[in-house]
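This report concerns only the one structure given below.
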Amino acid sequence: MKQHTDDPMLAKELQQIATEVGRPLSEVVAESKRDLLELGSDRGKLGTWMFATLSRFIRRRGYSQDPVYDRAELEQVRKALQSGSVVFLVTHKTYLDFFVLYEFFYYLGLPPPRIFGGANMAFAGFGLLARQAGGIFIRRTFRDDPVYKAVLRHRLRSLIQQGESFMWAVEGTRSRTGKLSIPKIGLLHYLTDSSQQLAEDKVLFVPVAVVYDQIPDVADMAAQEAGAAKTAESLSWFIRYLRSLGGSFGDIHLRFAR
């Protein structure tokens with residue numbers, strides 16, 4: 001078991017799960033190893049640079065100017081990142097949101113937060129690159145999977161102890177109206193729970209607004225509202241999406257709560 005993890009909290013949880021569901025501990029541990037691989041990411045300098053470069057390329061296809069931001073807010077963000085883990089809660093308008101933010105952090109000399117995304121975005125090619133840049137892909141549903149829940153808490157505890165920061169769409173999906181949707185607090189609950197299990201709870205939560213003059217997703221979202229089926233994410237879908245970005249959609253404004 002020690003070869004699997006040094007986290008005694010996870011070891012205890014897996015033992016409890018094995019007892020409660022009547023499964024051999026070795027089987028539960030083996031499942032947890034698979035879940036850890038699924039939730040894994042290996043951020044390095046090359047992967048971070050490649051993802052930031054891709055993010056800048058994508059953003060510039062539709063928005064030639066760098067995002068507009070408040071320098072005082074940026075300095076507050078810089079100080080927060082130096083003090084510990086920060087959770088950036090992002091309002092989700094378009095697939096571009098996290099590319100815009102990743103590029104913004106990287107090119108202003110700030111460590112890009114780890115992005116939580118749905119497992120549907122871990123398609124061939126993109127999933128590997130995103131993981132090398134710190135991305136973490138999570139299953140859409142795992143309500144009846146106690147092993148996955150325990151491993152997710154372990155993963156979050158480990159990252160918080162390393163001082164890592166995070167960002168994800170608190171609504172769980174793109175807003176179809178431009179207004180805030182009802183938030184899905186499952187991941188938020190797991191992160192706060194994981195933080196509180198540590199000796200000190202130092203996670204800071206910062207709401208973020210990414211505001212566009214225009215977004216390129218409008219036609220696609222309008223078609224879905226009219227009854228069209230949502231196209232499954234894949235490498236071919238991603239290439240078509242990049243092609244659709246050609247044009248001028250105005251400016252992007254970033255605001256960070258202070």
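Predicted model only: the values in this text are computed from it and were never measured. The analysis underlying the following values was restricted to heavy atoms, covering all of them including side chains, and did not include hydrogens, waters or symmetry mates.
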Stepwise side chain to side chain contact (heavy atoms under 4.5 Å, CB included) test for Phe88 and Leu101: CA-CA 10 Å; Phe88 296 95; Leu101 286 167; over 6 Å; no
Salt bridge (charged side-chain N to carboxylate O under 4.0 Å, His left out) pairs, two or more places apart, involving residues 116-126: none
Geometric class of the Tyr95/His92 ring pair [parallel <30°, tilted 30-60°, perpendicular >60°]: perpendicular
More than 12 heavy atoms of other groups within 6.0 Å of Trp237 CH2: yes
Distance-minimising heavy-atom pair for Phe137 and Gly118: CD2-O, 3.3 Å
Aromatic plane relationship, Phe105 with Phe256 - under 30° parallel, 30 to 60° tilted, over 60° perpendicular: perpendicular
Sub-6.0 Å ring centroid separation between Tyr190 and Phe116: no
Any side-chain heavy-atom pair of Leu96 and Ile252 under 4.5 Å: no
Closest contact, heavy atoms only, Ser55 versus Phe99: CB-O, 3.2 Å
Close side-chain approach of Glu38 and Val151, heavy atoms under 4.5 Å: no
Atom pair CG/CD of Asp213 and Gln65 - distance to nearest 0.5 Å: 11.0 Å
Any Asp97 side-chain heavy atom under 4.5 Å of Val208 side chain: no
Residue pairs involving residues 63-84 (criterion ring-ring contact (aromatic ring centres under 6.0 Å, His included); sequence neighbours excluded): Tyr63-Tyr212, Tyr63-Phe249, Tyr69-Phe104
Contact summary for Gln214 and Ser248, nearest pair of heavy atoms: NE2-O, 4.3 Å
Taking every non-hydrogen atom, the tightest pair across Ser85 and Gly163: OG-C, 3.5 Å
Flag, side chain of Thr48 to backbone of Gly44, donor-acceptor distance under 3.5 Å: yes
Heavy-atom side-chain proximity of Pro146 to Gln16 below 4.5 angstrom: no
Contact list for residues 112-128, test salt bridge (charged side-chain N to carboxylate O under 4.0 Å, His left out), sequence neighbours left out: Arg114-Glu164
Worked verdict on Glu31 versus Asp35 for side chain to side chain contact (heavy atoms under 4.5 Å, CB included): CA-CA 6 Å; Glu31 180 180 337; Asp35 291 345; 4.1 Å; yes
Salt bridge (charged side-chain N to carboxylate O under 4.0 Å, His left out) involving Arg153 - partner list, sequence neighbours excluded: Glu13
Working for side chain to side chain contact (heavy atoms under 4.5 Å, CB included), residues Val210 and Lys93: CA-CA 8 Å; Val210 188; Lys93 303 293 194 304; over 6 Å; no
Validation row: Val100, Pro67 side chains within 4.5 angstrom (heavy atoms): yes
Shared hydrophobic cluster, Phe238 / Ile115 (ILVMFWY, side-chain heavy atoms < 4.5 Å): yes
Minimum-distance pair of heavy atoms, taken over all atoms of Arg155 and Ile136: NH2-CD1, 4.4 Å
Among Leu198, Val86, Leu156, Ile160, side chain to side chain contact (heavy atoms under 4.5 Å, CB included) partner for Val203: Ile160
Residue pairs, two or more places apart or on separate chains, that pass salt bridge (charged side-chain N to carboxylate O under 4.0 Å, His left out) and touch residues 233-257: Glu73-Arg255, Lys230-Glu233
Reported CZ-to-CZ distance for the pair Phe166 and Phe205, which is rounded to 0.5 angstrom: 9.5 Å
Pairing residues for Ser244 by the side chain to side chain donor-acceptor pair (under 3.5 Å) criterion, not counting sequence neighbours: none
Non-hydrogen side-chain atoms of Asp66 and Arg59 separated by less than 4.5 Å: yes
Straight-line distance of Phe126 CZ to Leu235 CG, nearest 0.5 Å: 10.5 Å
Contact check, side chains of Glu75 and Arg71, non-hydrogen atoms, under 4.5 Å: no
ILVMFWY network linking Phe98 to Leu128, side-chain heavy atoms under 4.5 angstrom: no
Atom pair OG/CG of Ser165 and Leu81 - distance to nearest 0.5 Å: 4.5 Å
Transitive ILVMFWY side-chain link Ile239 to Phe51, under 4.5 Å: yes
Nearest heavy atoms of Gly135 and Ser41, plus distance in Å: O-CB, 3.0 Å
Any Gln132 side-chain heavy atom under 4.5 Å of Leu46 side chain: no
Shared hydrophobic cluster, Met9 / Val29 (ILVMFWY, side-chain heavy atoms < 4.5 Å): no
Connected via hydrophobic side-chain network under 4.5 Å: Val211 and Met167: no
Nearest-0.5 Å distance, CD of residue Gln162 to CG of residue Leu159: 5.5 Å
Atom pair CG (Leu39) and OH (Tyr148), whose distance is rounded to the nearest 0.5 Å: 4.0 Å
Side chain to side chain contact (heavy atoms under 4.5 Å, CB included) assessment of Arg157 paired with His154: CA-CA 5 Å; Arg157 282 195 302 270; His154 159 72; 3.8 Å; yes
